[in-house]
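In this text, all values refer to a predicted model and were calculated from it rather than measured experimentally. Hydrogens, waters and symmetry mates play no part in the numbers below; they use all other heavy atoms, side chains included.
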Amino acid sequence: MSGWEAVLLKALNRTNVSRLLALVLLLAMVALRVVDPAPLETLRLKTFDLYQIALAPKPTPQQVIIVDIDEKSLNELGQWPWPRSTLAKIIDKVGQAGAVAVGLDVLFPEHDRTSPGNVAGIVEAYDKETADRLRTMKSNDEVFADAMTRTRVVLGQSGFHKELNQWHASELKQSPIAMLGPDPKAFLDFYPGMVRNVPELEAKAQGQGMVSLRPERDGVVRKMPLVMVAQGKMLPSLSLELLRVATGQSTILIRSGDVGVDSVVLAGVAMPTDRNAKAWLHFHAHDQQIFVSAADLLADRADMSVFKGRIVLLGASATGLFDLKATPVEAAMPGVEAHAQLINAILSKTLLQRPAWANGMEVSLTLLIGLALIGLLPRFGAMITVFAGSLVAAAVVGASWWAFTQKALIFDYAFPLMASLAVTSVLIVLGYLQEEIDRRRIRTAFGQYLSQDMVQQLTEDPDKLILGGETKDMTILFSDVRGFTTISEQYKSNPQGLTMLINSLLTPLSEAVVANKGTIDKYMGDNIMAFWNAPLADDEHAYNACRAALDMTRRLSLLNEERVAAGDVALEIGVGINTGECVVGNMGSDFRFDYTVLGDAVNLSARLEGQTKSYGTKIIIGRQTAEAVQNRLAALQIDRVRVKGKNEPEDIFALLGDGEMAASDSFQDLARQHGALLQAYYEQRWDDVGKMAKKCFDKAREFEFEEFYAIYADRAAEFSVRSPGENWDGVNDILEK
């Protein structure tokens, strides 16, 4: 494991930096939402567009009819602008048909050049009499103005990006707007200048409204202003002013607060708006049925009954007149139709609403989901949290959709989900990184001491590696080369040769441990310490440790064959194995630690290894180990001992061979006579012990165990001369460590 990985892993484990980074990211996302840059706003608006595309508005009675200056009308009546006397005919016709009010989504900033007086100057050179007669006629503007006195008409006027002084314009009349709350001017769409109509028309119109529409940053119209500021005065939109005139109201009320406009009230009906006094529309697709061609109207080809009791708008759909707007459901909709849809939505009370608290709610929801993910993901894992997160995401989207479809409320689900996805991604990536570092650490730490199968298991499930200390039953093995001090003296002048010798010895012995699921704890010169049942659980730890010891002796025999063939002396080892309760884990200090095992069972295992030569056998195992392998391996009790520092005696056993040996007739015969010998020994029948030892000596030669019986024969001879006494308990006290 590299240095940077170690540092990162330490940070991940000690400070839980993954959660900290996720929290920092979450707070950064929330701050981003508060700042609300253009891309984020556009994403939110596109989300609202999806709602409108997915769900058409509920059908409502159409309260507005549009007299359309379309391509057909331009072909029949000529290019725009038409003589205002023609427009007067349109006003009179719809008024006579029963229209409630007429709004003009066209501007008349200059006098009509086709008026009779203007034409007189052209024809005077050819026909002075006709010119004089023309000068006596009303101008087209006057004819148009007279028509306005017969029908309620609202003129359109437009904001301008800079101050504009029209030569004919009189002082701007401010529409009757009342305020409830702080002055909202600072929040309204602002225009330094304004394009107005000629005075003759302004004087006769019942109202004047702004036709200006500012699309969002992406060029799409989603909201339409109800009130704006132009030339320093608050002015209603064409749609709102037309409704005021149509309903006979005298005043428009604006309700505002510290954060902007709350709503606009007309005739006692509150119209919800955003803080800038803009109304959210659930746009319809283009509806040709509400359009009546101006050419058809003037040629008496139109059904005039459609105008009765309705509000009328005069506007243009002809492409060349450039009054087309993009909406969420149409790439190009006539601007006049947007005004019509606004009026219809106000009358049918189907305006969408984005409450003032929506932003706060969305930020709070983002924090709530993000914090929940930060708390749950590292605890329950990615799969469970992703599943739970998916349910939460579905709930958020479902709630947003329900609010839109049932309550006409607009809530942004995209940002909370986007922030949640970002937080989840950070946690998963850091978790994966930590897991990968854990795997590398495990491979590095245990690759030299465990089998590849065990390393793979730890890599796939690091939780199996419990660090810091765990109490459990374990089996411990110590092995040591007999007479190694003498051997090493031969290499005084050749330390490299001694190193090669140790490596050639420890390699096959270590392979035997690893092949039998053992963990190598440490090397101490020529000594190997190994244990079983950690870091991975092993129900057969005693059996596997004994198999490893037998495998070690087998591999050593093969090594000795090579050494003898090369003229070197054969090597011998002693192995001690014991089973008992130990503590295993990372032991040491903050500066250095090892994964090792501690406990009384460990000490006894080391003592047993040291006694192998004393008992003439290669492997000695403790009582618990022997009980675990009984009838499965060839083992015989050899003594009852009390090691230095302990009061309780321990039965110890010689491990002679595998299961095949244990089942052989020769071993079974030896085991019976061996048992009889031990019984005679503990009953202090020294003559019988001596005789039985001689019989067992010959039988044990097959198992390279005959030396043990010579030891017992000597004991019997000594005790027959010097009796141990009546209180002798048969325990051999071992004073050497």
Peer 1: Please enumerate all residues that pass side chain to side chain contact (heavy atoms under 4.5 Å, CB included) together with N732, with sequence neighbours excluded.
Peer 2: Y615, D639, V641, R715, I734

Peer 1: Assess whether side-chain contact (heavy atoms from CB on, under 4.5 Å) is satisfied between S666 and F703, documenting all intermediate values.
Peer 2: CA-CA 10 Å; S666 57; F703 307 106; 3.5 Å; yes

Peer 1: Write down the atom of P724, the atom of Q684, and the distance for their closest heavy-atom approach.
Peer 2: CG-OE1, 4.1 Å

Peer 1: Specify the closest pair of heavy atoms between G690 and A716, including all atoms of both residues, with the distance to one decimal.
Peer 2: N-CB, 4.1 Å

Peer 1: For V643 and R607, which heavy atoms make the closest approach, and how far apart are they?
Peer 2: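 Taking V643 first and R607 second, the nearest heavy atoms are CB-NH1, 3.3 Å.
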
Peer 1: Do L571 and R563 come within less than 4.5 Å of each other through their side chains, counting heavy atoms only?
Peer 2: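 Result yes, sub-4.5 Å side-chain heavy-atom pair found.
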
Peer 1: Can you find a pair of side-chain heavy atoms, one from V602 and one from C582, that are under 4.5 Å apart?
Peer 2: yes

Peer 1: I need the L505 CG to L556 CG distance, nearest 0.5 Å.
Peer 2: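 Here the rounded value is 6.5 Å.
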
Peer 1: Does a sphere of radius 6.0 Å around CE in M361 hold more than 12 heavy atoms from other residues, nucleotides or ligands, not counting ones at 6.0 Å or beyond?
Peer 2: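 Yes, CE of M361 has more than 12 neighbouring heavy atoms, counting only those of other groups under 6.0 Å.
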
Peer 1: Kindly write out the residues that satisfy salt bridge (Lys or Arg N to Asp or Glu O under 4.0 Å) with D551, not counting sequence neighbours, or none if the list is empty.
Peer 2: R554, R555

Peer 1: Taking side chain to side chain contact (heavy atoms under 4.5 Å, CB included) as the definition, give me every residue that meets it alongside D729, ordered by chain and number, with sequence neighbours left out.
Peer 2: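 Counting only residues at least two positions away or on another chain, D729 forms a side chain to side chain contact (heavy atoms under 4.5 Å, CB included) with R642, V731.
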
Peer 1: Apply side chain to side chain contact (heavy atoms under 4.5 Å, CB included) to L25 and list each qualifying residue two or more places apart in sequence or on a separate chain.
Peer 2: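 M29, A422, V426.
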
Peer 1: State which residues pass side chain to side chain contact (heavy atoms under 4.5 Å, CB included) with V397; sequence neighbours excluded, sorted by chain then number.
Peer 2: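 Residues passing side chain to side chain contact (heavy atoms under 4.5 Å, CB included) with V397: Y413, L417.
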
Peer 1: Kindly state each residue pair satisfying ring-ring contact (aromatic ring centres under 6.0 Å, His included) with at least one member in residues 477-519, sequence neighbours excluded.
Peer 2: none

Peer 1: Give, for atom CG of L656 and atom CE of M661, the distance between the pair rounded to the nearest 0.5 Å.
Peer 2: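 Taking CG in L656 and CE in M661, the distance rounds to 6.5 Å.
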
Peer 1: State which residues pass salt bridge (Lys or Arg N to Asp or Glu O under 4.0 Å) with R701; sequence neighbours excluded, sorted by chain then number.
Peer 2: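 Salt bridge (Lys or Arg N to Asp or Glu O under 4.0 Å) list for R701, sorted by chain: D698.
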
Peer 1: Answer yes or no: is there an ion pair linking R33 with E362, defined by an N-O contact shorter than 4.0 Å?
Peer 2: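 Looking at R33 and E362, the cut-off is met.
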
Peer 1: If we ignore hydrogens and angles and just use 3.5 Å, is the side chain of N516 paired with the main-chain N or O of A512 as donor and acceptor?
Peer 2: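 A pair under 3.5 Å: yes.
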
Peer 1: Using a 6.0 Å cut-off, check whether atom CD of E704 has over 12 heavy atoms from anything other than its own residue.
Peer 2: no

Peer 1: Could I get the full list of ring-ring contact (aromatic ring centres under 6.0 Å, His included) partners for W401, not counting sequence neighbours?
Peer 2: Y51

Peer 1: For F705, which residues count as a ring-ring contact (aromatic ring centres under 6.0 Å, His included) partner, sequence neighbours excluded?
Peer 2: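 Only F708, Y709 meet the ring-ring contact (aromatic ring centres under 6.0 Å, His included) criterion with F705.
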
Peer 1: Indicate the atoms forming the closest heavy-atom contact of L608 with G622, along with that distance.
Peer 2: CD1-N, 3.7 Å

Peer 1: To the nearest 0.5 Å, how far apart are NE2 in H674 and CG in L636?
Peer 2: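 With rounding to 0.5 Å, NE2 (H674) is 4.5 Å from CG (L636).
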
Peer 1: For D526 and V481, which heavy atoms make the closest approach, and how far apart are they?
Peer 2: OD2-N, 3.0 Å

Peer 1: Tell me, do L604 and I476 make a side-chain contact under 4.5 Å, heavy atoms counted?
Peer 2: no

Peer 1: Just wondering, are more than 12 heavy atoms of other shown residues or ligands nearer than 6.0 Å to CD in E660?
Peer 2: no

Peer 1: Is the ring pair F719/W686 parallel, tilted or perpendicular, if the boundaries are 30 and 60 degrees?
Peer 2: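 If you compare the ring of F719 with that of W686, the planes turn out tilted.
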
Peer 1: Applying salt bridge (Lys or Arg N to Asp or Glu O under 4.0 Å), name anything that partners E702, two or more places apart in sequence or on another chain.
Peer 2: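 E702 satisfies salt bridge (Lys or Arg N to Asp or Glu O under 4.0 Å) with no residue once adjacent residues are dropped.
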
Peer 1: Could you check whether any side-chain heavy atom of V513 comes within less than 4.5 Å of a side-chain heavy atom of M552, counting everything from C-beta outward?
Peer 2: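 Answer yes - side chains close enough.
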
Peer 1: Using a cut-off of 6.0 Å, state whether more than 12 heavy atoms not belonging to K613 lie near its atom NZ.
Peer 2: no

Peer 1: Is the shortest side-chain heavy-atom distance between I577 and V575 below 4.5 Å?
Peer 2: yes

Peer 1: Hey, which of I573, T612, L655 is the one that makes side-chain contact (heavy atoms from CB on, under 4.5 Å) with I619?
Peer 2: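 Exactly one candidate clears the test, L655.
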
Peer 1: Could you go through residues 538-549 and list every donor-acceptor pair under 3.5 Å that involves a side-chain atom there, pairing it with any protein atom two or more places apart or in another chain?
Peer 2:
unit_1 : atom_1 : unit_2 : atom_2 : d
D538   : OD1    : E540   : N      : 3.0
D538   : OD1    : N544   : ND2    : 3.2
D538   : OD2    : N544   : ND2    : 2.8
E540   : OE1    : R632   : NH1    : 3.1
E540   : OE1    : R632   : NH2    : 3.3
H541   : ND1    : T475   : OG1    : 2.7
N544   : ND2    : E540   : O      : 3.2

Peer 1: Going through the distances and angles, do N494 and Q496 end up as a side-chain contact (heavy atoms from CB on, under 4.5 Å)?
Peer 2: CA-CA 5 Å; N494 185 16; Q496 290 294 336; 4.0 Å; yes

Peer 1: State which residues pass salt bridge (Lys or Arg N to Asp or Glu O under 4.0 Å) with E561; sequence neighbours excluded, sorted by chain then number.
Peer 2: none

Peer 1: Check whether the side chains of T579 and R623 place a donor and an acceptor atom closer than 3.5 Å, and report yes or no.
Peer 2: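 Not at all, the side chains of T579 and R623 share no donor-acceptor pair under 3.5 Å.
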
Peer 1: Look up atom CD in E572 and atom CG in N560, then write down how far apart they are to the nearest 0.5 Å.
Peer 2: 8.0 Å

Peer 1: side-chain contact (heavy atoms from CB on, under 4.5 Å), that's the test. Do I652 and Q637 meet it? Break it down for me.
Peer 2: CA-CA 6 Å; I652 61 174; Q637 181 179 348; over 6 Å; no

Peer 1: What's the shortest heavy-atom distance between S510 and I520, and which atoms?
Peer 2: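 Closest heavy-atom pair between S510 and I520: CB-CD1, 3.4 Å.
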
Peer 1: With a 4.5 Å limit on heavy-atom distance, are the side chains of M529 and L477 in contact?
Peer 2: no

Peer 1: Would you say T424's side chain and S420's backbone share a donor-acceptor pair under 3.5 angstrom?
Peer 2: yes

Peer 1: Evaluate the side-chain proximity of E470 to V583: yes if any heavy-atom separation is below 4.5 Å, no if none is.
Peer 2: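 Sidechains of E470 and V583: no contact.
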
Peer 1: Just how far is it from atom OG of S614 to atom CD1 of I711, taken to the nearest 0.5 Å?
Peer 2: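 If I round to the nearest 0.5 Å, the distance is 7.0 Å.
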
Peer 1: Between CG of L536 and OG1 of T519, what distance do you get to the nearest 0.5 Å?
Peer 2: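 Answer for the CG-OG1 pair, L536 versus T519, is 7.5 Å.
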
Peer 1: Taking side chain as C-beta onward, heavy atoms only, is E609 less than 4.5 Å from S479?
Peer 2: no

Peer 1: Honestly, is R672 close enough over F667, meaning NZ or CZ under 6.0 Å from the six-membered ring centre and within 45° of the axis?
Peer 2: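 No.
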
